[in-house]
Asker: 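This is the structure I want to talk about, given as structure tokens.
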Amino acid sequence: MKRNNMLLMLTCGLFFTTSCMDLDLTPLSMATNDNWNTTAEQVEMSVNDLLRINVWNTIDEKWTDDECRRTEISTYLLGSMNSQDGTASTMWQNAYRVIGRDNAIIDKLKALPEGFMSEDKKNQYMGECLFVRACMYSRLITFFGDVPYSDTTIDIETAFTMGRTAKSEVLQKIYADFDVAIQNLPVSSGSIQRPTKGAALGMKARIALYNEDWDTAISCTQQIMDLGVYELYPSFRDLFLQSLHNTTESLFSIPRSITYNVNAINWADYLPRNSGGWAANGPTWDLLAAFLCTDGLPIDESPLFDPHNPFLNRDPRCAETIVPLGSTWLGIEYDPNPVTGDMVMNYNTGEEIQNKDNKNNAEYASFNGLIRKKGLDESCLENGFMGEQDLIILRYADVLLMYAEAKIEKGDIDQSVLDCMNQVRARAYGVNISDVGSYPAITTTDQAKLRTILRTERRMEFAFENIRFFDVLRWRLCGKIYNMKNYGLYQSKEANMENFTTPGHWFWAITPDIDENGCADFSALEAYGINTLGQRTWDDRQYLFPIPSTEVLINENMTQNPGY
């Protein structure tokens with residue numbers, strides 16, 4: 001029986017697999033404490049093991065207001081997390097697994113005999129290890145606040161005396177690790193996706209931003225821009241497809257491979273039922289409402305918005321993130337309107353087919369009529385719906401917007417802030433930043449207005465990229481958006497006829513209000529008979545996750561976060 005707790009992980013420094021069987025503490029395929037320093041190749045294998053994708057995956061998008069799974073609501077959105085929550089425990093365990101392994105490698109690197117490997121290679125591996133450790137502790141303080149800290153392997157007696165180190169102190173140690181990594185890592189890793197100087201600067205900027213250290217965030221992002229090696233990829237659409245890997249926009253990503261069965265992702269839950277998918281997971285109405293119109297205004301202010309045709313006159317990222325109603329998607333007409341007919345055109349065969357994306361014909365068609373498009377194309381229908389899109393952890397668009405946000409919050413607003421934001425927006429429109437007549441360029445220098453624009457820009461740009469959760473958390477918006485309902489379509493044709501189509505209410509009867517953070521309020525639409533898919537309920541204690549109960553039980557020095 002395994003004891004998955006922080007103490008054992010920090011003590012032994014071994015990577016424990018997540019399998020319940022065949023726990024091999026010294027697998028032949030990877031270097032461990034016992035045999036890892038036999039060859040330089042084993043050192044590299046040990047460092048590589050720190051980049052397993054299951055460790056870097058973080059929060060399920062359905063824990064945000066951007067994505068939902070049918071009518072299900074997570075414990076987080078119900079405000080009912082407790083100290084036995086699986087997501088919190090896994091987050092804690094995985095981070096400390098990596099830190100324990102990482103500390104062991106760092107200790108061994110420091111003790112390597114002269115001539116074992118070149119100094120350049122040794123410094124690179126040390127930089128990668130420090131980069132990973134800083135990222136793991138960044139994750140821990142973001143989720144849990146004060147956490148136990150160790151930068152070396154420790155014995156069991158020491159482990160059981162450890163309490164929680166103040167978040168502010170851990171943050172300074174994170175900065176120190178990143179600083180050495182920045183010095184040691186190369187500017188480019190070539191075609192191999194490994195941590196670089198830009199990645200270390202970017203991840204340091206991110207944790208600085210999360211902790212409102214504006215000066216550090218500005219400095220790091222400015223240094224990245226000064227490197228001159230990153231740029232926005234020309235096509236927002238293509239950037240996320242599995243045909244494209246490790247672009248000049250990517251600062252840090254982890255590859256997937258179908259051929260080698262490494263990290264492949266199954267897209268069946270996101271694909272429409274007409275294409276053989278399940279349409280179980282999809283965008284929320286909240287996300288659809290967040291995209292600006294082509295005049296740069298939110299939907300409740302723009303004369304261009306039509307609630308009956310919500311994809312018309314919207315920022316191009318809207319139609320590249322969510323499949324537009326009535327468009328052709330994966331070769332088939334996508335029409336969830338429950339009263340437009342039972343048949344749609346399959347352009348792959350040239351024949352009409354029964355519309356399984358219409359709730360008249362399929363009870364489990366998209367519950368709110370929306371399907372994800374971002375990152376998907378026809379190739380996702382192959383290989384059993386498996387895909388090999390890179391897991392993009394940090395890209396240059398985020399660097400530009402982090403720089404802009406930090407400058408806005410500091411009150412140091414100049415042309416560089418507008419330039420960074422307009423670079424991202426112009427790319428979405430497929431034009432040059434100087435072509436201000438072809439996109440709604442940002443010109444205001446008012447701090448409050450820029451804050452609203454920046455927050456909306458991040459939501460439009462980074463949907464489904466594991467960023468929304470952290471943005472909402474650090475902006476302290478959870479108390480508002482997670483106390484609102486999740487809306488969608490009815491389960492019967494009759495109800496949809498009565499409430500949507502016959503009175504002319506499809507898709508929305510009226511335009512929802514949008515607040516200063518770009519969040520929609522659909523409550524006024526309830527008078528028109530929209531369906532409530534679920535009620536979110538927020539509890540402020542969840543701004544911090546609970547310390548896993550097993551940690552508190554085995555260590556009298558381990559305290560629990562308030563409210564758990």
Side-chain angles (χ1 to χ4, degrees), residues 1-20 22-27 29-37 42-58 88-112 125-144 146-165 169-170 173-174 176-178 180-181 195 203 254 545 547-548 550-555 557-558:
M1 180 178 181
K2 292 185 299 179
R3 297 179 65 192
N4 287 328
N5 57 68
M6 178 276 298
L7 299 175
L8 290 179
M9 292 165 193
L10 283 178
T11 302
C12 67
L14 295 174
F15 182 89
F16 293 102
T17 68
T18 56
S19 171
C20 293
D22 299 327
L23 182 60
D24 183 359
L25 298 184
T26 314
S29 61
M30 70 174 66
T32 70
N33 284 4
D34 297 327
N35 65 7
W36 80 283
N37 60 347
Q42 288 182 339
V43 177
E44 182 174 8
M45 290 166 64
S46 292
V47 177
N48 289 347
D49 196 55
L50 301 175
L51 301 175
R52 288 173 177 254
I53 201 168
N54 65 307
V55 172
W56 293 90
N57 274 329
T58 54
S89 296
T90 299
M91 193 72 61
W92 178 280
Q93 292 164 10
N94 281 350
Y96 277 113
R97 283 189 182 110
V98 174
I99 291 168
R101 177 107 179 136
D102 205 339
N103 285 342
I105 300 171
I106 290 171
D107 288 347
K108 291 291 186 178
L109 281 170
K110 290 178 179 178
L112 283 179
Y125 289 151
M126 181 65 76
E128 291 183 1
C129 288
L130 293 173
F131 168 81
V132 170
R133 188 169 72 187
C135 288
M136 291 300 106
Y137 275 120
S138 294
R139 175 172 302 181
L140 286 168
I141 65 171
T142 298
F143 284 113
F144 300 100
D146 301 344
V147 295
Y149 182 87
S150 176
D151 57 6
T152 187
T153 51
I154 56 178
D155 59 40
I156 193 69
E157 289 78 15
T158 302
F160 275 103
T161 65
M162 290 181 65
R164 298 169 67 181
T165 303
E169 183 179 339
V170 178
K173 295 178 181 296
I174 288 169
D177 277 354
F178 274 134
V180 178
M203 296 303 282
I254 297 179
F545 280 12
I547 305 298
T550 52
E551 302 296 330
V552 179
L553 289 172
I554 65 175
N555 182 1
N557 296 306
M558 189 73 69

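Everything quoted here is computed from the prediction, not taken from an experiment.
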Asker: The test is side-chain contact (heavy atoms from CB on, under 4.5 Å); show your working for V132 and V55 and say whether it passes.
Answerer: CA-CA 11 Å; V132 170; V55 172; over 6 Å; no
Asker: Report the distance from atom CZ of R164 to atom CG of N555, rounding to the nearest 0.5 Å.
Answerer: 11.5 Å
Asker: At what distance, to the nearest 0.5 angstrom, does CZ of R52 lie from CZ of R97?
Answerer: 10.5 Å
Asker: Please identify each residue that fulfils ring-ring contact (aromatic ring centres under 6.0 Å, His included) with F143, with sequence neighbours left out.
Answerer: F470, F545
Asker: V98 and M136: which non-hydrogen atoms are nearest, and at how many Å?
Answerer: CG1-CG, 3.8 Å
Asker: Heavy-atom distance under 4.5 Å between the side chains of M162 and N557, does that happen here?
Answerer: no
Asker: Got a sec, which pairs hit salt bridge (charged side-chain N to carboxylate O under 4.0 Å, His left out) with one end in residues 127-137, sequence neighbours left out?
Answerer: E128-R194, R133-D177
Asker: To the nearest 0.5 Å, tell me how far L140 CG sits from Y149 OH.
Answerer: 11.5 Å
Asker: Using every non-hydrogen atom in the two residues, find where M558 and I547 come nearest and quote the distance to one decimal.
Answerer: CG-CG2, 4.0 Å
Asker: According to side chain to side chain contact (heavy atoms under 4.5 Å, CB included), who are the partners of V180, at least two apart in sequence or on a separate chain?
Answerer: L130, N184
Asker: Taking C-beta and beyond as the side chain, do P195 and L51 meet within less than 4.5 Å on heavy atoms?
Answerer: yes
Asker: Tell me, please, which residues at least two apart from L553 pass side chain to side chain contact (heavy atoms under 4.5 Å, CB included).
Answerer: none
Asker: Testing the basics here: between Y137 and P148, what is the closest heavy-atom pair and its distance to 0.1 Å?
Answerer: CE2-O, 3.6 Å
Asker: Between D107 and T152, is any side-chain donor less than 3.5 angstrom from a side-chain acceptor?
Answerer: yes
Asker: List for me each residue that meets side chain to side chain contact (heavy atoms under 4.5 Å, CB included) alongside T90, sequence neighbours excluded, and say none if there are none.
Answerer: N94
Asker: Could you report the tightest heavy-atom contact between F131 and M203, atom names first, then the distance?
Answerer: CE1-CG, 3.7 Å
Asker: Under a 4.5 Å cut-off applied to non-hydrogen side-chain atoms, are W56 and C135 in contact?
Answerer: yes
Asker: Do the side chains of L50 and I105 get nearer than 4.5 Å, heavy atoms only?
Answerer: yes
Asker: Should Y96 and V147 count as side-chain neighbours, where that means a heavy-atom distance under 4.5 Å?
Answerer: yes
Asker: How close do A88 and P548 get, counting heavy atoms only, and between which atoms?
Answerer: O-CG, 4.4 Å
Asker: Looking at CD1 of I141 and OG1 of T165, how far apart are the two atoms once the value is rounded to the nearest 0.5 Å?
Answerer: 11.5 Å
Asker: Please report the shortest heavy-atom distance between I106 and C129, naming the atom on each side.
Answerer: CG1-CB, 3.6 Å
Asker: With rounding to the nearest 0.5 angstrom, report the CD1 to CG distance, I154 to N103.
Answerer: 8.5 Å
